[in-house]
Amino acid sequence: MVTPWHQQIFALDAKYNAQRVNKLPSLGLYIYLINQLLKEKFCKDPKVCEKYLKLRSKLLFLRYGESLEQNSLGSHTTEEEKLEIKTQLHSIQRKSIAENFAFDGVHHVFDQHSMPVTMLKFANNDKSKLCCASLDGTLSICEAISTPPKVIALLQGHRKGVTALDWSISNDLIVSSSLDCTIRLWNVATEAAPAFLREVEDQQKAEVLCCGFIPINNNLVVAGNSQGLVQILNISTGIYTRGGSCKIGGKILSLTCEGSGGLVIWVGNDRGIIMSFQLEPGTGRLTKLRRVQEIGGMITSLSWRSWFSKDAPWPALLVSSAFNAVLLYHIVDNQGSLSLWTKYPIKHKQYFVRSTFGPQMETCLIATGSEDGTIHLLDSARQGKAIKVNRLEGHASPTLALCFNYDESLLASADHQGLII
């Protein structure tokens with residue numbers, strides 16, 4: 001039931017709708033919170049309601065700045081309070097991106113893997129739970145914020161190196177690919193006893209080099225193998241879908257899905273070719289769309305982002321190429337066509353180095369590993385030397401994998417010796 005109190009909240013929020021759309025175009029979380037609010041028991045104490053509205057007004061102001069209405073805070077906030085809020089906001093805004101991403105130092109070092117770590121991934125919307133894949137044939141799940149941080153599970157069963165992993169949307173499943181020519185599914189819903197659920201052999205009995213859940217349908221997994229085959233697997237049945245296999249040649253080293261639905265998939269191979277595919281989520285059928293080639297080196301990492309910044313409100317694709325470069329592309333149409341936006345020089349010629357977007361949408365942050373053993377943080381909104389925000393040192397060998405948790409409070413990186421920082 002919508003009460004007058006609820007209507008007051010909606011009216012307050014509506015004053016910031018324009019800023020909210022500019023800074024955060026996906027309103028899914030906001031709609032979810034409103035839905036939860038309507039389910040809460042209504043408070044009849046007018047003082048509590050007034051205090052809540054004041055607090056909500058302050059939070060909206062700190063998050064989005066002035067509303068478009070001149071007196072948006074007037075009815076709930078005194079002039080003294082507004083001055084205090086503006087001072088706090090000015091202090092926040094004065095911090096440069098370099099200051100925000102200066103990092104205080106090493107949080108923890110994990111050394112449970114004896115060979116190169118090929119991929120790191122924090123669980124979805126989770127600050128602490130981190131999964132690591134290694135060429136030693138195991139996956140590990142770490143709790144990064146506990147005191148002390150610890151390894152809470154070791155997933156064993158692959159007979160050769162693990163090349164990639166992905167969490168399901170609900171974080172109860174992990175899929176992994178391996179040089180042993182298989183894809184494995186793990187149940188990690190309970191930390192106490194993660195369990196192996198299913199193993200599926202590659203259709204061509206070839207090494208599986210990358211994998212990922214389809215965002216719109218977590219019953220489907222997309223994978224790429226060393227024979228250039230892109231394939232869709234139904235993990236519920238363990239059967240590859242009819243019409244869900246396409247061959248582009250070379251070795252499929254990396255892939256990414258359009259996160260808003262997974263209807264477009266991009267894959268990259270060792271010949272420097274990126275191919276886009278259309279997916280029918282109901283049937284798992286794949287259709288080739290566009291081909292981008294002559295990048296110059298093997299494509300070791302692909303990352304998609306729905307929009308890049310307020311000044312660049314279009315989807316983007318981040319590409320790590322073993323041609324000493326990280327490349328940023330505009331996605332120009334619904335066919336997955338790409339237009340080169342900018343290129344960053346990074347030492348990368350031999351290893352499977354990965355890069356990633358910063359998850360917070362307010363910044364244009366890119367993080368990438370490199371063969372010089374450092375992590376490079378780049379601000380794509382800048383030009384020239386100002387692009388380089390920070391450089392993190394600590395690894396003694398090429399940094400291969402890296403990942404932010406969802407609020408950017410932690411950055412995990414891993415190297416060729418198996419060390420995770």
Side-chain angles (χ1 to χ4, degrees), residues 116-121 163-164 177 207 209-212 222 224-226 228 230 248-258 264-277 289-305 308 312 314-332 336-358 364-380 383 387-389 391 395 397-403 413-416:
V117 172
T118 54
M119 194 167 189
L120 298 172
K121 194 159 189 182
T163 54
S177 58
E207 296 173 336
L209 304 178
C210 52
C211 66
V222 57
N225 72 13
S226 60
V230 183
I248 68 169
K251 297 179 179 180
I252 309 297
L253 303 180
S254 56
L255 58 83
T256 191
C257 296
E258 175 195 3
V264 179
I265 300 169
W266 292 266
V267 302
N269 70 7
D270 62 335
R271 299 175 182 174
I273 296 172
I274 299 173
M275 180 78 73
S276 62
F277 293 87
L289 294 177
R290 293 287 183 266
R291 173 186 174 113
V292 178
Q293 58 185 17
E294 298 179 1
I295 288 181
M298 60 182 180
I299 309 299
T300 60
S301 174
L302 293 171
S303 299
W304 173 88
R305 185 160 176 166
F308 205 61
W314 44 73
L317 195 72
L318 182 64
V319 179
S320 287
S321 170
F323 193 61
N324 292 323
V326 173
L327 306 104
L328 188 59
Y329 287 89
H330 295 155
I331 301 170
V332 298
S337 303
L338 304 177
S339 173
L340 183 62
W341 183 356
T342 189
K343 180 178 178 180
Y344 308 102
I346 295 292
K347 189 175 181 182
H348 178 198
K349 199 72 176 176
Q350 178 182 358
Y351 297 101
F352 293 172
V353 172
R354 298 185 186 273
S355 56
T356 185
F357 290 113
C364 303
L365 184 72
I366 291 170
T368 178
S370 68
E371 292 177 0
D372 62 11
T374 63
I375 299 295
H376 297 265
L377 298 174
L378 310 170
D379 180 7
S380 68
Q383 301 293 327
I387 288 173
K388 297 180 180 179
V389 175
R391 183 177 172 183
H395 292 281
S397 62
T399 46
L400 306 182
L402 72 170
C403 183
S413 60
D415 62 28
H416 192 260

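By convention here, the first residue in the shown sequence is residue 1.
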Using 0.5 Å steps for rounding, measure from the [atom1] atom of [X] to the [atom2] atom of [Y].
X      : Y      : atom1 : atom2 : answer
Asp415 : Glu371 : CG    : CD    : 12.5 Å
Leu318 : Ser303 : CG    : OG    : 5.0 Å
Ile273 : Ile248 : CD1   : CD1   : 6.5 Å
Leu120 : Leu402 : CG    : CG    : 7.5 Å
Met119 : Ser177 : CE    : OG    : 8.5 Å
Ser320 : Ile346 : OG    : CD1   : 8.5 Å

Would you say the side-chain atoms of [X] pair up with the backbone N or O of [Y], donor to acceptor, closer than 3.5 Å?
X      : Y      : answer
Thr300 : Arg354 : no
Asn269 : Gly228 : no
Thr399 : Ser370 : yes
Asn225 : Glu207 : no

Would you say NZ of Lys349 has more than 12 non-hydrogen atoms from neighbouring residues, nucleotides or ligands within 6.0 angstrom?
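For Lys349, atom NZ is crowded (more than 12 foreign heavy atoms under 6.0 Å).
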
Non-hydrogen atoms of [X] and [Y] that approach each other most closely:
X      : Y      : value
Ile375 : Gly369 : CD1-CA, 4.1 Å
Ser321 : Ile295 : OG-CG2, 3.5 Å
Asp270 : Gly250 : OD1-CA, 3.3 Å
Thr256 : Trp304 : OG1-N, 3.5 Å
Met275 : Arg290 : SD-O, 3.0 Å
Val117 : Ala401 : O-CB, 4.1 Å

Side-chain donor-acceptor pair under 3.5 Å between Ser397 and His395, yes or no?
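No, no side-chain donor-acceptor contact under 3.5 Å.
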
Does either side chain, that of Thr163 or that of Thr118, offer a donor lying less than 3.5 Å from an acceptor on the other one?
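Short answer, no.
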
Taking the side chain as everything from C-beta on, heavy atoms only, tell me whether [X] gets closer than 4.5 Å to [Y].
X      : Y      : answer
Ser254 : Phe352 : no
Ile331 : Trp266 : yes
Pro398 : Val353 : no
Val230 : Leu255 : no
His416 : Pro116 : yes
Leu302 : Leu317 : yes
Phe323 : His348 : no

Worked verdict on Leu253 versus Leu209 for side chain to side chain contact (heavy atoms under 4.5 Å, CB included)
CA-CA 6 Å; Leu253 303 180; Leu209 304 178; 3.7 Å; yes

Students often mix this up, so state it plainly: with edges at 30° and 60°, are the rings of Trp341 and His330 parallel, tilted or perpendicular?
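Rings of Trp341 and His330: tilted, 30 to 60°.
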
Criterion side chain to side chain contact (heavy atoms under 4.5 Å, CB included) on Val332 and Trp314, from CA distance to verdict:
CA-CA 8 Å; Val332 298; Trp314 44 73; over 6 Å; no

Does the side chain to side chain contact (heavy atoms under 4.5 Å, CB included) test come out yes or no for Asp372 and Arg391, once each step is laid out?
CA-CA 11 Å; Asp372 62 11; Arg391 183 177 172 183; 3.6 Å; yes

List the steps and the verdict of side chain to side chain contact (heavy atoms under 4.5 Å, CB included) for Val264 and Phe277.
CA-CA 6 Å; Val264 179; Phe277 293 87; over 6 Å; no

